[in-house]
Protein chains: 2
Amino acid sequence: MKKTKHEKPPRRVTMTDVARLAGCSQATVSFVLNNATGVTISAETRGKVIEAARTLGYGASSLIHRPVLGNLGSGTIGFLCDQLATTPESVNAIEGARQACWDEGATILVAQTMGNPEREEKAVEAMLRSGIEGLIYMTIFTRQVAPPSFLENLQIPVVLLNCYAPESRFPSVIPDETAGGFAATETLIRLGHRRIATIVGEPFMQAAQDRLKGYRKALAKAGIAYDADLVGEGNWSPTSGFEATQRFLALKDRPTAFFCQNDKMASGCYNALRDAGLRIPQDVSVIGYDDDELCRHLRPQLTTLILPHRAMGAWAISELGKRRTSGKDGYPLTKMDCNLIERDSLAVLP
Amino acid sequence: MKKTKHEKPPRRVTMTDVARLAGCSQATVSFVLNNATGVTISAETRGKVIEAARTLGYGASSLIHRPVLGNLGSGTIGFLCDQLATTPESVNAIEGARQACWDEGATILVAQTMGNPEREEKAVEAMLRSGIEGLIYMTIFTRQVAPPSFLENLQIPVVLLNCYAPESRFPSVIPDETAGGFAATETLIRLGHRRIATIVGEPFMQAAQDRLKGYRKALAKAGIAYDADLVGEGNWSPTSGFEATQRFLALKDRPTAFFCQNDKMASGCYNALRDAGLRIPQDVSVIGYDDDELCRHLRPQLTTLILPHRAMGAWAISELGKRRTSGKDGYPLTKMDCNLIERDSLAVLP
DNA sequence: CATATTGACTAATAATTATTAGTTACATTA
DNA sequence: TAATGTAACTAATAATTATTAGTCAATATG
């Protein structure tokens, strides 16, 4: 272990050190740490050994230097993720990764870090101990991240999922939200709509900006003038969709179609439309985003765009397999399409 | 490593063995496997070493005999789960466990096994390598399981979450579905309802049986005769809830309250009631089960029971901490209550 | 009460792994 | 072309860990 040459070797902690601190022999330490059968160790001594080993950090592998077996195909891949709970996308990405691993029989170890760097480090340490051969680093919101610096010294391939690093330091995949916004809007245009409102999410989120960008691009391409009155600020919540829709309906020339930048706001939009006595899709077309479970429970079922997290998970696995090395301008950033899921909330403008 | 005495020692694979097969020196193997800096190894040799190590299974820790460091507090806990995706409960349980670990700063490593015993074994192996100190074994559906036998020889504490083993071989937690069915029904009775219909889930699922049991208990306690006509078979889907409700509404003496054994069926029930021109809660009270996200999007918002997975996750962690040893009749089976979440779908019978 | 037996350990040593200090063959440079 | 470098290794050995064969005290046993 440790460098072969020069530099003061930080002298790794040995069983003898532990034994000294615990006040017993090196042999005893070996027994305790290996749970040896055939010898008996008193609970007290055992405790002291473990205590000592822990304080000295026996065996605590430095992150950069992987433990023995590191290079050996363990068939394990690590998946770090800031949140599992808030949205189902993280689970979708994991599922995509798992399916892609299936043939190779790999195991995916997942850890949730809450975006906390200490936790990230601990989790990666644990994963390295288990001998992961690659690491997927995912965030729940699409954005640029400053990935913990130890990732760069890791010796195993790392890919970023749903996020990307400055200077393209890692291969990354994100959804193509601009294309998604474009597709949604263009679909409405193709149905004959000209007055198309959009309800955006919290504008500091990149997904919100990009979806709006796509919306504007589609309008421009169709030669429809952009009208700021048709852009409503929401915050992803049903209530905000409800209120934004009411404001639109008060306009003298009300829109005939709504592109809601997520499904929850679309559900609020539905309610406002119903309250106003408008029928979907006969009077108004609505399109959502995210393919929330909710879509199928709305009446009529909501047409939406599905985030490609499953495909992104699969992509990440295949990318890890390639063990690409960095080009001189870093690694590529891949964008994956959000497919449109046709349901019953769209109709041709009468 | 290995037993201290007797029994033909299965002779663990050493670097020397690997070196022989790879046609190089033990030193080279050491360099390759440790990714040593300061020496150069040709890609070819490196490949041969890794290949050889893999075929010989160098370092493949047997499940029962944990690797060095095993006993050392790694601050890591393993969480095995058959499915992450199908329902959000698994994520809730993980979240509960994570929160409970928070103070101690433990890391939770999660693996999804699809219920496949080989995967379970691989995942546990990987987790053991990383030095987990405890293992939570969860299933997505509440049921008795035959947990893989290696769990019993594991040296670390194991708890079952949402499932239980024959002969109480592990400490276990499950939701108290009977109490939940009882609470739901009793709430409706307290509001004055006597004709209370219930739509059950797939009857081979234990949750369905238990919720029904609770329903019958509550009726019995209130002295209301059980009427088989008021029990409709569903299959957890909205459609089945819709159809069952229509059948109930065709009854000469239609029910005034519906206890739907999950929220999806309740949403189908809502639609059937709306189609029949009945208002919730003025004309009919409805109660669901599961606290699906969907509840908040139904109008009126659905009163339901919440599954205690979060609490079960926390319980599992605290149980692991206790390192209980088996009593002569095994470990206890803990049942946790499903709390009622009051929303707007209930009213006093007029 | 002498004699096993067992629990709890250690000294000594065997087995294994890590590291140093080369060696060899080939390529570069002066 | 001799001298120098260097990539790719290995033999030898240092360092570390695992295991055997006890020791010693505290029971239990006949």
Side-chain angles (χ1 to χ4, degrees), chain A residues 1-53 56-62 64-72 131, chain B residues 1-53 56-62 64-72 131:
Chain A
M1 257 173 176
K2 298 290 107 166
K3 299 274 184 128
T4 298
K5 266 183 171 157
H6 42 60
E7 280 176 20
K8 59 170 175 224
R11 257 270 294 147
R12 90 173 125 139
V13 180
T14 81
M15 285 193 182
T16 313
D17 300 326
V18 176
R20 190 162 27 238
L21 181 57
C24 66
S25 68
Q26 172 266 320
T28 303
V29 174
S30 172
F31 291 141
V32 170
L33 261 31
N34 288 293
N35 234 181
T37 59
V39 264
T40 52
I41 305 287
S42 69
E44 191 192 339
T45 305
R46 177 179 300 271
K48 275 196 283 192
V49 169
I50 290 180
E51 180 60 32
L56 293 180
Y58 178 83
S61 61
S62 112
I64 290 140
H65 190 273
R66 307 202 288 133
V68 189
L69 314 189
N71 266 339
L72 200 48
Chain B
M1 258 175 174
K2 299 287 109 162
K3 300 276 184 124
T4 299
K5 267 183 172 155
H6 43 61
E7 278 175 23
K8 58 167 179 230
R11 254 269 296 146
R12 90 172 125 138
V13 179
T14 81
M15 284 191 183
T16 313
D17 300 327
V18 176
R20 189 162 26 236
L21 181 57
C24 66
S25 69
Q26 173 267 319
T28 303
V29 175
S30 173
F31 291 142
V32 171
L33 260 31
N34 288 295
N35 234 175
T37 60
V39 265
T40 51
I41 304 289
S42 67
E44 191 192 340
T45 305
R46 178 180 299 273
K48 275 196 281 189
V49 168
I50 289 179
E51 181 59 32
L56 293 180
Y58 178 85
S61 62
S62 111
I64 289 139
H65 189 271
R66 305 202 291 132
V68 191
L69 313 188
N71 265 338
L72 199 48

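Residue numbers start from 1 in every chain, and the chains themselves are labelled A, B, ... in the order their sequence lines are given, proteins ahead of strands.
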[X] has a side chain; which of [options] sits nearest to it?
X       : options                : answer
A:Ser25 : C:dT10, D:dA8, C:dA8   : C:dT10
A:Thr28 : C:dC9, C:dT10, C:dT17  : C:dT10
B:Met15 : D:dA18, C:dA18, C:dG7  : C:dA18
B:Gln26 : C:dC9, C:dT10, D:dA12  : D:dA12
B:Phe31 : D:dT16, D:dT10, C:dA18 : D:dT10

> What's the spacing between A:Lys48 NZ and A:Ser42 OG if we round to 0.5 Å?
Replying inline: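 If I round to the nearest 0.5 Å, the distance is 7.5 Å.
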Atom-pair distance ([atom1] on [X]; [atom2] on [N]), nearest Å:
X       : N      : atom1 : atom2 : result
A:Asp17 : D:dA15 : CG    : P     : 13 Å
A:Arg20 : C:dT10 : CZ    : C1'   : 16 Å
B:Ile41 : D:dT6  : CD1   : P     : 18 Å
B:Glu44 : D:dA8  : CD    : P     : 10 Å

> Taking only N and O in the side chain of B:Thr45, is any of them less than 4.0 Å away from OP1 or OP2 of D:dC9?
Replying inline: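 Yes, within the criterion.
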> Under 4.0 Å: is that the gap between some side-chain N or O of A:Thr40 and OP1 or OP2 of C:dG7?
Replying inline: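 No, outside the criterion.
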> Of B:Val49, B:Val39, B:Thr45, which is the lone residue that meets side-chain contact (heavy atoms from CB on, under 4.5 Å) with B:Phe31?
Replying inline: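 Passing option: B:Val39.
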>> For B:Val29, run the side-chain contact (heavy atoms from CB on, under 4.5 Å) check against B:Asp17, B:Val18, B:Ile41 and tell me which one passes.
In response: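 Among B:Asp17, B:Val18, B:Ile41, the one that satisfies the side-chain contact (heavy atoms from CB on, under 4.5 Å) with B:Val29 is B:Val18.
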>> Can you work out whether A:Ala27 or B:Ala27 has the more 5'-proximal nearest nucleotide on DNA chain C?
In response: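 Here A:Ala27 is the residue nearer the 5' end.
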>> Could you report the tightest heavy-atom contact between B:Gln26 and B:Ala19, atom names first, then the distance?
In response: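 That would be N-CB, 3.5 Å.
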> For B:Ser42, which contact category applies under a 4.0 Å heavy-atom criterion: base, sugar-phosphate, or nothing?
Replying inline: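 If one applies the 4.0 Å heavy-atom cut-off, B:Ser42 turns out to touch the sugar-phosphate alone, with no base involved.
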